[in-house]
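Notes follow the structure.
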Amino acid sequence: MVSFKEERSALNESISFLHNKWGDIKPEVGLICGSGWGSLADIFPNAAKFDYIDIPGFSSTTVDGHVGTLLLCEINERQILIFQGRRHFYEGCGWGPVSFPIHLSHELGIKTMILTNAAGGINTSFQVGDLMVLEDHINFMGCNPLIGPNLNPKIPRFPDQSEIYDIDLRNRILEMSHAVQFPIKKGVYIALSGPSFETPAEIRAFQMLGADAVGMSTVPEAMICNALGMKVAGISCISNLAAGIASHKLSHEDVQNASNIALPKMKTLILMILESLLS
Ligand code: HPA
């Protein structure tokens, strides 16, 4: 596990590197691509980019489908940082690699973060390929990413979490349903540490707790963004029906395949969100 001091100096190194290479960048929006969302980067074929592994202080991804590339993109001459691939708590390296892109984004001036993921559908009205905007979440990861000293002293010891996912941004996204011509669902995301998928009994319990979708990410990043005062939107692609609701066993390959099918919808929606944020 990396110490606080090492993490802080890794963050400083990454920021200096990006400023050296990309100059006085002023990204306003950040986008973290979860499982199956990585091809969103195709929207910006001319983006400047670095593999995570080539950015000092940054750590590389370990999960299939998480490419590990940072892109600097532009819409209307305004900048966006796209993290093509994320780190997860279940990778076993603690919270450092999970929180790193959020702290980096915040220190580069990003005010709005879009977090995406693949999730299992718990709400029985959901279908594979649906997109769900997060209204709220349940942290069932068994741990809190804000424990211990925080990399940014701006983070209060006891952050309020009454509205993690910005209501205006959420409503704007839901209203886009007409323009994109497909339904956009809303719901509560429950996060577990993973890496195992859930049991059917767990899914029945989460149904009773009020969860609509289940996954292994997003919640820690959303909590850190919220504690830093950033605006957050969360979007899940329902890549499978959750255990016990699905009539088959679950696999990461199925998650990736389902997301590929939903990709045109994901790209259309994300482009519309970015254009509306940066118009
Ligand atoms: N459970 C947990 N995480 C997931 C799932 C699931 O069913 N689908 C995609 N990520």
Side-chain angles (χ1 to χ4, degrees), residues 1 32 34-37 62-63 66 86-102 113-126 128 130-148 150 155 157-166 170 185-228 232-246 249-252 254-255 258-259:
M1 218 69 75
I32 296 196
S35 294
W37 290 80
T62 71
V63 180
H66 288 262
R86 67 148 57 86
R87 304 296 308 276
H88 304 81
F89 189 53
Y90 62 70
E91 291 171 56
C93 305
W95 290 121
V98 180
S99 62
F100 193 88
I102 306 300
M113 204 73 200
I114 304 168
L115 305 171
T116 63
N117 62 53
I122 296 181
N123 183 321
T124 50
S125 75
F126 288 179
V128 171
D130 278 348
L131 300 187
M132 180 192 93
V133 175
L134 274 64
E135 289 185 299
D136 203 348
H137 71 225
I138 301 172
N139 179 11
F140 221 76
M141 299 185 95
C143 196
N144 189 310
L146 298 165
I147 283 177
N150 279 302
I155 296 186
R157 184 65 297 180
F158 304 106
D160 171 77
Q161 298 202 119
S162 310
E163 187 195 318
I164 290 197
Y165 302 92
D166 186 75
R170 195 163 82 218
K185 308 287 168 84
K186 57 182 175 179
V188 173
Y189 175 93
I190 187 164
L192 278 82
S193 69
S196 47
F197 288 107
E198 303 69 38
T199 64
E202 286 167 347
I203 294 299
R204 286 194 297 276
F206 300 154
Q207 242 162 0
M208 286 190 253
L209 291 180
D212 297 291
V214 59
M216 307 175 193
S217 68
T218 305
V219 162
E221 292 115 317
M223 289 172 69
I224 299 163
C225 285
N226 171 70
L228 285 165
V232 190
I235 309 172
S236 296
C237 171
I238 304 301
S239 57
N240 57 282
L241 302 181
I245 302 175
K249 294 191 173 185
L250 306 184
S251 74
H252 185 57
D254 287 347
V255 167
S259 305

Would you call the rings of Trp95 and Phe89 parallel, tilted or perpendicular, taking 30° and 60° as the class edges? parallel
Verdict with reasoning, Val98 to Glu91, per side-chain contact (heavy atoms from CB on, under 4.5 Å): CA-CA 10 Å; Val98 180; Glu91 291 171 56; over 6 Å; no
Return the minimal non-hydrogen interatomic distance between Pro101 and Pro97, and the atom names on each side. CD-O, 3.4 Å
Give the minimum heavy-atom separation between Ser125 and Lys185, together with the two atoms involved. O-NZ, 3.6 Å
Could you pull out the closest heavy-atom pair between Met216 and Pro195, with the gap in Å? CE-O, 3.5 Å
Closer than 3.5 angstrom, by distance alone: can the side chain of Arg170 be matched with the main-chain N or O of Tyr165 as a donor-acceptor pair? yes
Rounded to the nearest 0.5 Å, what separates atom CG in Leu241 from atom CG in Asp254? 11.0 Å
Backbone N/O of Val188 and side chain of Asp212: donor-acceptor pair under 3.5 Å: yes
Atom CD1 in Ile102, atom CG in Asn226: separation rounded to 0.5 Å? 11.5 Å
Checking the side chain of Asn240 only, and the main-chain atoms of Val128 only, is there a donor and an acceptor separated by less than 3.5 Å? no
Please round to the nearest 0.5 Å and tell me the distance separating atom CD1 of Ile155 and atom CG of Leu228. 4.0 Å
Is there side-chain contact between Leu115 and Leu134, with at least one heavy-atom pair below 4.5 Å? no
Can you find a heavy atom in the side chain of Arg87 that is under 4.5 Å from one in the side chain of Phe100? no
Can you find a pair of side-chain heavy atoms, one from Pro159 and one from Leu146, that are under 4.5 Å apart? yes
If you look at every heavy atom in Asp160 and Ser162, which pair is closest and at what distance? OD1-OG, 2.7 Å
One should read off an interatomic distance between Glu202 CD and Ser196 OG, to the nearest 0.5 angstrom, of 7.5 Å
The test is side-chain contact (heavy atoms from CB on, under 4.5 Å); show your working for Val214 and Glu198 and say whether it passes. CA-CA 9 Å; Val214 59; Glu198 303 69 38; 3.6 Å; yes
How close do Ser259 and Ser239 get, counting heavy atoms only, and between which atoms? OG-CB, 4.0 Å
For the atom pair CD1 (Ile122) and CZ (Phe206), what is the distance rounded to the nearest 0.5 Å? 7.0 Å
Non-hydrogen atoms of Val255 and Ser35 that approach each other most closely: CG1-CB, 4.4 Å
Please confirm whether the backbone N or O of Gly34 pairs with a side-chain atom of Thr116, one donor and one acceptor, at under 3.5 Å? yes
Indicate yes or no: at least one non-hydrogen side-chain atom of Arg157 is less than 4.5 angstrom from one of Asn150. yes
Min side-chain heavy-atom separation Phe197-Lys249 under 4.5 Å: no
With sequence neighbours excluded, give me every salt bridge (Lys or Arg N to Asp or Glu O under 4.0 Å) pair touching residues 216-226. Arg86-Glu221
Nearest 0.5 Å, what's the CD1-CD1 distance between Ile235 and Ile32? 13.0 Å
So, the side chain of Tyr189 versus the backbone of Ser217: is there a donor-acceptor pair under 3.5 Å, distance only? yes
